[in-house]
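Numbers here simply count residues along the sequence, with the first being 1.
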Amino acid sequence: MNEMLQRILDVDMDFFLSDIAHWVTDNQRLDDEYFKAWRELEFRRFLEQNCGLSRHNPIPGRVVVHHDEAFHFWKELIQRCQLQVPFELTHIDAHSDTGLGDANYVYIMKDLLHYPINERLSNLNIKKSELC
């Protein structure tokens, strides 16, 4: 196993709005008059000073639309031996995604968290033999 725990930074872009949007459907656009995005300088400063990111030293990543797509990306990284289990996850978000308008919390609270940690990989269809 890796001596050093690898880290994943998962950023939900709604964090960088002037207000928190609740109960939004996938095809619903937020009102530009009410929900203002941070200015680029503030956005970059936050990512560089609080998250350790730098445009001069980019790290691999992926932009996804739906939260579950992040799990698929992590699975790809694990299967390509670019991410080792266990890893540390930091999630930046304007609000909790475990019960404010989507069904993600149902799977997490009712299913995933009830499995022992070493069995949770099988719920992502990852076999232990596929781990590096």
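- Within the model, atoms CG of Leu77 and CD of Gln6 stand 9.0 Å from one another, a figure rounded to the nearest 0.5 Å.
- By the 4.5 Å heavy-atom criterion applied to side chains, Asp14 and Phe35 are not counted as neighbours.
- Under a hydrophobic-cluster definition in which Ile, Leu, Val, Met, Phe, Trp and Tyr are linked whenever side-chain heavy atoms come within less than 4.5 Å, directly or via other members, Leu83 and Val85 are assigned to the same cluster.
- Annotation: side chain of Leu9 is in contact with side chain of Leu53 (closest heavy-atom distance under 4.5 Å).
- One distance of note links OG1 of Thr90 with CG of Asn50; it measures 12.0 Å at 0.5 Å rounding.
- Under a cut-off of 6.0 angstrom, the local environment of CZ in Arg39 is sparse, with at most 12 non-hydrogen atoms contributed by other residues, nucleotides or ligands.
- To the nearest 0.5 angstrom, Asp19 atom CG is 12.5 Å from Lys36 atom NZ.
- More than 12 heavy atoms of other residues, nucleotides or ligands shown are found within 6.0 angstrom of CD on Glu88.
- A salt bridge is defined here as a Lys NZ or Arg NE, NH1 or NH2 lying under 4.0 Å from an Asp or Glu carboxylate O, and Arg62 with Glu76 meets this definition.
- Under a 3.5 Å cut-off, the side chain of Ser18 and the backbone N or O of Tyr34 do form a donor-acceptor pair.
- Contact check on Glu42 versus Arg45 returns no salt bridge, with no Lys/Arg side-chain nitrogen under 4.0 Å from an Asp/Glu carboxylate oxygen.
- Connection of Met13 to Val64 is not established within any shared hydrophobic cluster, with ILVMFWY side chains joined at heavy-atom distances below 4.5 Å, either directly or through further cluster members.
- Note: Ile92 CD1 to Phe15 CZ = 6.5 Å, rounded to the nearest 0.5 Å.
- Rounding to the nearest 0.5 angstrom, the gap separating the CH2 atom in Trp74 from the CD atom in Gln82 is 15.5 Å.
- Tracing side-chain contacts under 4.5 Å through hydrophobic residues (I, L, V, M, F, W, Y), one reaches Phe43 starting from Val11; they form part of the same cluster.
- Cluster annotation: Phe46 is connected to Ile59 through the hydrophobic network of ILVMFWY side chains, with a link wherever side-chain heavy atoms come within less than 4.5 Å.
- Rounding to the nearest 0.5 Å places CZ of Phe73 at 7.0 Å from CD1 of Ile8.
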